[in-house]
Every structure is written in structure tokens, then in C-alpha cells.
Amino acid sequence: MGAEQYDVAIVGFGPSGAVAASLLGRAGFRVHVCDRLHEVYDKPRAIALDHEILRVFQQLGVVEQVEPYYEPFTDSCFYGVDGQLIRRMTMLPEPYPQGFVPSVVFTQPPVEEVLRKAVLALPTVTVETGLTLTSLHQTDADVTLELAAEDGSSRSISARYVIGCDGASSTVRDLVGIRLEDLAFDEPWLVVDVLANDKGLAKLPSTSVQYCDPERPATFVIGPGNHRRWEISLKESEDPKTVATPEGTWRLLERWITPEDAELWRQASYRFHALVAERWRDGRVFIAGDASHQQPPFLGQGMCQGVRDVTNLAWKLSAVLIGEIQDPAAQALLDSYGIERKEHVRQLTGKLKEIGAVICERDVEKARKRDAELLAQAGGKIQPTPRQDVLPPLSTGLITHTPGAGTLFPQPWMLRDGQRIRLDDLAGNGWRLVMASGFEAPLLSDLAGVLNLTGIVLGTPDYEEADQVVAQWFAQHNARAALVRPDNYVYGSAQDVDDLGRLQRELLDRLT
């Protein structure tokens with residue numbers, strides 16, 4: 001009997017694998033997902049998400065189900081050598097540009113359960129746990145995976161494409177010989193999660209905190225409910241195993257709380273790395289999530305980056321699988337996944353390292369100089385900086401060089417029959433041509449045929465904007481129209497009808 005045939009095989013059923021399976025399964029493709037573990041890990045690892053990821057959850061139909069498990073992220077206050085405030089990070093003000101709170105903290109295990117249940121409900125997706133990938137073999141037409149079960153048996157499946165979402169120690173990455181590039185960050189830290197009681201909560205700060213203390217840099221994050229997290233820098237003389245014991249952990253927490261104030265939920269020592277895969281594709285095999293990058297944790301972007309990866313890849317795979325895009329354009333489109341995501345990861349990692357350099361300066365005099373410079377830059381009064389300002393746009397790949405290209409296009413609230421409805425719930429998540437109120441231009445028929453392009457004219461009865469979020473975006477970028485990709489990133493913008501015609505023809509040329 002031949003191997004079972006699928007469109008896509010996904011190795012790893014963590015958050016990235018689950019989102020990839022949902023996106024592809026909802027598009028009707030035959031998907032196989034395997035993982036060696038049977039259950040969701042019952043302790044938190046990721047703690048932060050942003051509005052881009054909530055918008056993906058909206059697309060998957062699960063955002064209401066995960067809502068009970070997240071809360072708005074508090075401000076993050078940076079305190080310098082002498083305890084003075086030197087920086088404050090906050091979130092974008094209302095009206096929120098993506099239709100959701102821009103930054104949230106969340107409880108990972110129940111959110112993962114929601115994502116998994118959504119996958120399990122899809123009729124074209126097969127999920128099997130207790131399986132370990134042992135080998136894969138590519139041909140021009142497909143990839144064969146050998147999977148070993150816990151009872152020692154093994155079997156093969158075949159897929160047109162494979163996505164490795166199998167974590168930092170990725171078997172998929174190793175089997176295709178992809179190496180990781182070192183982006184020069186390597187530090188030992190202890191991560192501690194506690195469930196605090198009322199006595200403990202009363203002792204703790206009311207905002208999240210970055211302690212930029214040369215003696216012991218540390219991060220304090222206010223999680224949902226009574227969940228609190230510390231990330232504590234370790235000294236090279238300290239044994240990571242010893243500090244990760246309950247006794248060692250409580251010694252480091254005594255600055256804030258004692259065992260009478262909270263219950264330890266999780267403590268683990270890590271070496272925080274900055275790594276990125278040299279390439280993200282090998283023929284019909286792709287890697288995503290922690291398999292393709294590891295970043296310092298200073299803005300809680302790890303899980304967000306993994307979801308961005310698979311959201312970027314899924315629509316491109318879909319276009320190729322259904323035959324919308326033919327070779328050689330199809331190969332260029334699939335290559336653009338790694339081109340776009342690798343550069344985005346490199347740029348964001350650079351920004352996170354800059355934040356880390358502020359937090360982790362160990363020399364007291366250099367730290368005092370840092371504090372003075374930050375205060376001087378602020379004119380002596382700290383101005384809040386939105387976390388979203390740190391996130392770079394896409395700068396390469398399938399975008400143009402027009403204003404706003406590579407940025408996330410807004411998702412405004414629309415007014416329909418007296419109700420407020422988010423734009424994606426009205427227009428869907430395919431390619432969209434969004435035009436300003438009073439601006440109407442024809443869709444290029446050949447392009448609309450290739451992409452199933454949806455035209456949206458604001459200010460019409462179907463698309464009446466509630467808060468002028470898109471109108472402000474158009475004014476900011478001196479544009480009247482935008483071509484928006486299925487992952488909600490802007491392909492390009494146009495000022496007038498001629499500009500828009502050129503933009504559509506250029507995109508058609510690149511996809512055919």
C-alpha cells in the first residue's frame with residue numbers, strides 16, 4: 001500500500017503548527033499534522049500577543065473563544081541605576097488600528113487548546129500525536145515522511161509540501177541541512193511564573209517593569225489575573241540548574257515576594273539566543289516559528305513571530321496549490337516567504353537587542369551614562385513610546401516601494417445596519433483593493449481573475465467607516481487606494497487612477 005497523500009504535512013502541533021493547519025484546512029486542503037507529544041504543555045511559555053495576531057485569530061474564528069484568556073498589557077516602566085524612570089513603553093491609543101487592543105498578555109495553555117480544537121473540527125485535517133519524524137525524502141512532485149509511533153512501528157505519508165513547526169531543536173531543519181546564523185546574543189536567564197495571592201499582589205508593582213540594574217537586570221510582567229512573571233538575568237558564576245530549583249528561585253524572588261505570597265507555577269533557566277535560519281525553504285520543505293528563529297524576549301514577540309511566519313506562508317502555499325499562480329512565478333512567490341520573514345526577523349532582532357542593551361548594561365558608570373542620555377533625549381520628561389513603534393514593516397519581497405507598502409493595513413470598525421462590524425468580517429481575508437471615499441477605479445480584470453480580488457470603496461453603504469482609521473492611514477501616506485495582501489500587509493498604494501492602474505499591472509506581471 002502506498003503512502004497516504006496530503007497537500008501539506010505539518011510537523012509540530014504547537015501554536016505555529018496549529019495556526020498553519022487552521023489556515024490551510026479552512027481553505028479546503030488535505031493537511032496532516034503530527035507531534036510527538038499528546039497534550040498541550042500545561043505551563044505558560046509565551047505571555048504576550050499583539051493586535052496582528054488577534055486579527056489572525058479573528059480570521060480563524062476563535063478570537064471570541066480566546067478572549068477570556070487575555071488582558072491588556074500594562075505599561076512597561078524602565079528604571080535606571082538609581083531607581084529613576086528612564087523609559088516608558090505603552091500601547092497605541094484608540095481608535096485601535098487593527099480593531100483589537102494593540103498589546104495583550106495571555107495564558108498560553110488554554111489558548112493553545114482553543115487553537116487545537118479549531119483544527120480538530122476541520123474535516124480535511126488529520127491530527128496524529130505520539131509520532132516522531134525520522135526521515136524525509138523529496139522528489140520533484142512531493143515529500144515522503146517516515147513517522148515512528150510510540151509502540152515502535154512506523155509508516156510513511158506523502159505531501160506536496162511540508163512545514164516544520166517543530167521548535168528550536170527542529171528535526172525538519174536538521175534533516176534538510178538548514179543551519180542557523182548567530183545574531184550575537186547569548187545570555188543566561190531564569191524565567192519564573194507565579195500565581196500570587198492577595199498579600200503578594202499588594203507588594204508588587206502596578207505596571208510591568210524593566211529593572212535596568214547593573215547588579216541584576218530583570219523584567220517583571222503583569223499577566224492575566226494573578227499570574228506574574230519574572231525574567232531574571234543570571235551571573236556567569238551561577239549554576240542555572242541550582243537557581244531553577246524552588247529554593248534557588250525563591251532566593252532570587254525575595255526582593256519582591258516570599259513563598260507566603262505566591263505559588264510557583266513554572267521556573268526554568270534558559271540561554272536567551274538571537275538566531276535566524278540561513279534559509280527558510282529547501283525545495284518543498286519550509287520551516288517556521290522557533291525552527292527558523294530565536295529572539296531575545298524583551299517585547300514578548302516569540303509566539304507572534306511564529307504566527308506571522310505561517311500566516312505569510314499559508315496564503316502563498318494556497319495560491320500555488322489551487323493553481324492561481326503558475327511556475328516560474330509560483331516558485332518566486334514561495335521564495336518570497338523566507339526573503340520577507342528572514343529580513344523582518346533580523347530587523348526586529350536588532351531592535352530587541354537594542355532594548356536588551358539598555359536593560360542589561362552591567363557596568364555601573366556606563367549605565368548611569370545611559371540613564372542620563374535617555375533622560376536628555378526625552379527633554380527631562382519621559383514620553384510614552386508605543387510598543388508597536390518597535391515593530392518593523394516588511395522591507396523586501398512581494399511589496400512595492402510606494403508609501404505604506406510593507407506595513408499592516410488597518411482593520412477599521414465599519415457601520416452596517418446600525419451595528420459595528422470589523423472590516424475583515426465583511427470583506428474576508430483575500431486580496432483586497434481598498435479605495436478612499438469618493439475614489440473609484442476599475443479592477444484590472446486579468447488581475448481580479450488570478451487573485452479573486454475584492455474591491456472595497458469606503459464611504460459607501462456597504463463600507464461606512466466608524467472611526468476614520470483608514471481615512472487617516474490614507475492621509476498619512478498621501479494615498480487614495482491600497483492593494484492589501486491576504487496576510488493584511490500592504491503590497492502597494494496609489495494616489496490616483498493612473499497610479500492604481502500601474503500598481504495592478506505590476507502585480508499581475510509579478511504573479512504571472
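Everything numeric in this text was worked out from a predicted model, so none of it was measured.
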Enclosure of R36 CZ (heavy-atom neighbours >12, cutoff 6.0 Å): no
Point-to-point distance, once rounded to the nearest 0.5 Å, from OH of Y211 to OH of Y79: 8.0 Å
Pairing residues for D42 by the side-chain contact (heavy atoms from CB on, under 4.5 Å) criterion, not counting sequence neighbours: none
Any N429 side-chain heavy atom under 4.5 Å of P486 side chain: no
Charged N-O contact under 4.0 Å between K203 and D261: yes
Closest non-hydrogen atom pair between C360 and P217, with its separation: CA-CG, 3.9 Å
R173 side chain reached by L180 side chain, heavy atoms, under 4.5 Å: yes
Other residues, nucleotides, ligands: >12 heavy atoms within 6.0 Å of E39 CD: no
Under the salt bridge (charged side-chain N to carboxylate O under 4.0 Å, His left out) test, residues paired with K366 that sit two or more places apart: none
Exceeds 12 heavy-atom contacts within 6.0 angstrom, atom CD of E128: yes
Pairing residues for E238 by the salt bridge (charged side-chain N to carboxylate O under 4.0 Å, His left out) criterion, not counting sequence neighbours: R216
Set of salt bridge (charged side-chain N to carboxylate O under 4.0 Å, His left out) partners for E236, sequence neighbours left out: R271
Spacing of CD1 belonging to I257 relative to CH2 belonging to W250, to within rounding of 0.5 Å: 4.5 Å
Within-4.5 Å side-chain heavy-atom neighbours: P97 and L92: yes
Donor-acceptor pair between Q295 and T349 side chains, under 3.5 angstrom: yes
Sequence neighbours excluded, every pair satisfying salt bridge (charged side-chain N to carboxylate O under 4.0 Å, His left out) that has a member inside residues 279-301: R279-D282, R281-D335
Pairs flagged by side-chain hydrogen bond (donor to acceptor under 3.5 Å, both in side chains) wherever residues 239-248 is involved - sequence neighbours left out: D239-T242
For Y491, all residues meeting ring pair (Phe, Tyr, Trp, His ring centres under 6.0 Å), sequence neighbours excluded: none
Aromatic plane relationship, W280 with H293 - under 30° parallel, 30 to 60° tilted, over 60° perpendicular: tilted
Y337 and F286 aromatic ring geometry - parallel, tilted or perpendicular at 30°/60° bounds: perpendicular
Over 12 non-hydrogen atoms of neighbours within 6.0 angstrom of NE2 in H38: yes
Residues that K351 engages under salt bridge (charged side-chain N to carboxylate O under 4.0 Å, His left out), provided they are two or more places apart: none
Check: L24 and D7 side chains under 4.5 Å, non-hydrogen atoms: no
Pairs where residues 294-318 contributes a residue and the test salt bridge (charged side-chain N to carboxylate O under 4.0 Å, His left out) is met, not counting sequence neighbours: D50-R308, E52-R308, D309-R341, K316-E340
T90, I47, V221, T207 screened by side chain to side chain contact (heavy atoms under 4.5 Å, CB included) with F73, the one that passes: V221
Residues L348, Q305; criterion side chain to side chain contact (heavy atoms under 4.5 Å, CB included); working and verdict: CA-CA 10 Å; L348 180 56; Q305 287 287 66; 3.4 Å; yes
From L201 atom CG to R228 atom CZ, the distance as rounded to the nearest 0.5 Å: 5.0 Å
Of all pairs that satisfy salt bridge (charged side-chain N to carboxylate O under 4.0 Å, His left out), the ones with a partner from residues 88-108, not counting sequence neighbours: D75-R88
R266 to Y41 six-membered ring, cation-pi geometry met (6.0 Å, 45°): no
Heavy-atom neighbours of R179 CZ exceed 12 at 6.0 Å: no
Note, M303 side chain near F106 side chain (heavy atom, < 4.5 Å): yes
Distance, nearest 0.5 Å, that separates CG of L313 from OG of S16: 11.0 Å
Side chain Q210, main chain I359, donor-acceptor under 3.5 Å: no
Heavy-atom pair of closest approach, residues L183 and K353: O-NZ, 2.5 Å
Heavy-atom check, side chain of W265 versus side chain of H227, under 4.5 Å: yes
Worked verdict on E112 versus R45 for salt bridge (Lys or Arg N to Asp or Glu O under 4.0 Å): CA-CA 11 Å; E112 277 202 58; R45 288 167 295 185; 3.4 Å; yes
Under the side-chain contact (heavy atoms from CB on, under 4.5 Å) test, residues paired with A149 that sit two or more places apart: L131, D151, S153
L115 to F57 - nearest heavy-atom pair and separation: CD2-CE2, 3.8 Å
W315/Y489 aromatic ring centres below 6.0 Å: no
Salt bridge (charged side-chain N to carboxylate O under 4.0 Å, His left out) pairs, two or more places apart, involving residues 373-395: none
Residue pair I86 / D371: nearest heavy atoms and the distance that separates them: CD1-OD1, 3.4 Å
W230 and F220 aromatic ring geometry - parallel, tilted or perpendicular at 30°/60° bounds: tilted
Non-hydrogen atoms of D166 and A291 that approach each other most closely: OD1-CB, 4.0 Å
Contact summary for I163 and A288, nearest pair of heavy atoms: CG2-CB, 4.3 Å
From SG (C304) to CG (L391), nearest 0.5 Å: 8.0 Å
Side-chain heavy-atom pair E361, C212 within 4.5 angstrom cut-off: no
Nearest-0.5 Å distance, OG1 of residue T74 to CD1 of residue I222: 4.0 Å
